[in-house]
Amino acid sequence: MPARRGPYICGIDAALDVVSGKWKGLALWELHAHGTRRFAELRRALPGVSEKMLTQHLRQMEEDGLIRRKVYAEVPPKVEYSLTEAGAALNDALRPLGEWGRERLRQNNLAVAGPPPSKDPTTA
C-alpha cells in the first residue's frame, strides 16, 4: 500500500490518509452494496461528484489496493471496478463509523440528502 504522505502518528492517521476525500467512503459503500460497477454507474450513484474527482479517487483507491480496475479489450472500452479483500476489510472497519453517524443524525434531527440507500448505509 503506497503511502502518499507520512510519517504517520498512529494507525488512525494512516487509515484517514487512505479514506480521505468525500467520495472514497461512498464509492467503497457503493461497490460493497452493489458489487462490480462501471465508471458511469458509480458516477450516477454518487450525485455531485465530478468526473475528474471520481477518477482521481478511484486511481488513489486502486494504488492503495482497495479496489481493482479491470479493463476489457473491446471497443468501446469497458472498465469495471470492484472491491479487493483490503477494500472489503476497510468497509467493515468503517461500519462502526457509519453507525455513529446514523445515531448523530437521529439525535440531532439532521436530514439525509439524496434518495435512501438500497442497503444499510452503516456498511460504508
Side-chain angles (χ1 to χ4, degrees):
M1 173 172 86
R4 283 182 289 283
R5 63 176 197 89
Y8 296 105
I9 296 169
C10 63
I12 296 270
D13 188 19
L16 289 175
D17 185 35
V18 174
V19 295
S20 65
K22 177 177 181 177
W23 304 104
K24 289 181 185 177
L26 297 173
L28 283 173
W29 172 79
E30 179 66 21
L31 291 170
H32 169 79
H34 301 286
T36 301
R37 303 298 254 171
R38 294 180 69 176
F39 183 88
E41 293 171 318
L42 283 170
R43 183 137 187 245
R44 279 192 300 273
L46 304 173
V49 69
S50 69
E51 186 173 323
K52 178 182 176 183
M53 186 58 62
L54 182 57
T55 298
Q56 178 182 340
H57 282 213
L58 290 172
R59 283 182 184 154
Q60 289 172 351
M61 292 190 318
E62 184 182 13
E63 284 176 21
D64 289 331
L66 303 177
I67 62 170
R68 76 181 52 83
R69 179 178 185 263
K70 185 173 181 180
V71 180
Y72 294 86
E74 56 186 57
V75 177
K78 177 180 174 184
V79 179
E80 293 180 336
Y81 297 91
S82 59
L83 287 180
T84 62
E85 285 185 35
L90 176 58
N91 200 62
D92 290 343
L94 290 172
R95 181 174 287 121
L97 183 61
E99 291 168 359
W100 179 88
R102 282 185 63 182
E103 181 60 21
R104 182 172 185 276
L105 290 170
R106 188 192 64 73
Q107 287 177 352
N108 294 294
N109 286 331
L110 297 172
V112 176
S118 58
K119 263 194 168 180
D120 185 350
T122 60
T123 61

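Values below: every heavy atom of this structure, side chains too, minus hydrogens, waters and symmetry copies.
- Atom CG of L110 sits in a crowded spot, with more than 12 heavy atoms from other residues, nucleotides or ligands closer than 6.0 Å.
- Here the CH2 atom belonging to W23 is positioned 14.0 Å from the CG atom belonging to L28, to the nearest 0.5 angstrom.
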### Message
Could you walk me through whether L31 and R37 satisfy the side chain to side chain contact (heavy atoms under 4.5 Å, CB included) test, starting with their C-alpha distance in whole Å, then the side-chain angles of each, then the deciding distance to 0.1 Å, before giving a yes or no?
### Response
CA-CA 7 Å; L31 291 170; R37 303 298 254 171; 3.7 Å; yes

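- Here R104 contributes atom CZ and N109 contributes atom CG; the two are 12.0 Å apart, rounded to the nearest 0.5 Å.
- Partners of E103 under the salt bridge (charged side-chain N to carboxylate O under 4.0 Å, His left out) rule, at least two apart in sequence or in another chain, are R106.
- Atom-to-atom distance recorded for K22:NZ and L46:CG is 10.0 Å, nearest 0.5 angstrom.
- Atom CE in M61 sits 8.5 Å away from atom NE2 in H57 (nearest 0.5 Å).
- You'll find the side chain of R102 stays beyond 4.5 Å of the side chain of E99, heavy atoms only.
- In this view, E74 satisfies the salt bridge (charged side-chain N to carboxylate O under 4.0 Å, His left out) rule with no residue, not counting sequence neighbours.
- Across P96 and A93, no two heavy atoms sit closer than the pair CD-O, 3.2 Å.
- Listed by chain and residue number, Y72 satisfy the side-chain hydrogen bond (donor to acceptor under 3.5 Å, both in side chains) test with E80 (two or more places apart in sequence, or in another chain).
- Looking only at distances, no side-chain donor or acceptor of N91 sits under 3.5 Å from a matching main-chain atom of G87.
- Ring geometry, H34 versus W29: the interplanar angle exceeds 60°, so the pair is classed perpendicular (tilted spans 30 to 60°).
- Remark: S82 pairs with R68 by the side-chain hydrogen bond (donor to acceptor under 3.5 Å, both in side chains) rule, at least two apart or across chains.
- With sequence neighbours excluded, no residue satisfies side-chain hydrogen bond (donor to acceptor under 3.5 Å, both in side chains) with R44.
- Heavy atoms from other residues, nucleotides or ligands lying under 6.0 Å from CD of E85 number 12 at most.
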### Task
Apply the test side chain to side chain contact (heavy atoms under 4.5 Å, CB included) to residues R69 and V71: give CA-CA distance (whole Å), side-chain angles for both, the deciding distance (0.1 Å), then the verdict.
CA-CA 7 Å; R69 179 178 185 263; V71 180; 3.4 Å; yes

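- L58 places a side-chain heavy atom less than 4.5 Å from the side chain of L42.
- A pairwise comparison of heavy atoms in G65 and A86 identifies O-CB, 3.5 Å as the closest pair.
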### Message
Let's go through L83 and T36 carefully: what are the C-alpha distance in whole Å and the side-chain angles of both, what is the deciding distance for side chain to side chain contact (heavy atoms under 4.5 Å, CB included) to 0.1 Å, and is it a yes or a no?
### Response
CA-CA 8 Å; L83 287 180; T36 301; over 6 Å; no

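- More than 12 heavy atoms of other residues, nucleotides or ligands sit less than 6.0 Å from atom NZ of K78.
- W100 CH2 to L94 CG: the interatomic distance, rounded to the nearest 0.5 Å, is 13.5 Å.
- For R38, there are no side-chain hydrogen bond (donor to acceptor under 3.5 Å, both in side chains) partners, not counting sequence neighbours.
- Atoms CD and CZ, from E62 and R59 in turn, are 9.0 Å apart once rounded to the nearest 0.5 Å.
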### Query
Hey, mind stepping through L26 and V49 against side chain to side chain contact (heavy atoms under 4.5 Å, CB included) and telling me if it holds?
CA-CA 10 Å; L26 297 173; V49 69; over 6 Å; no

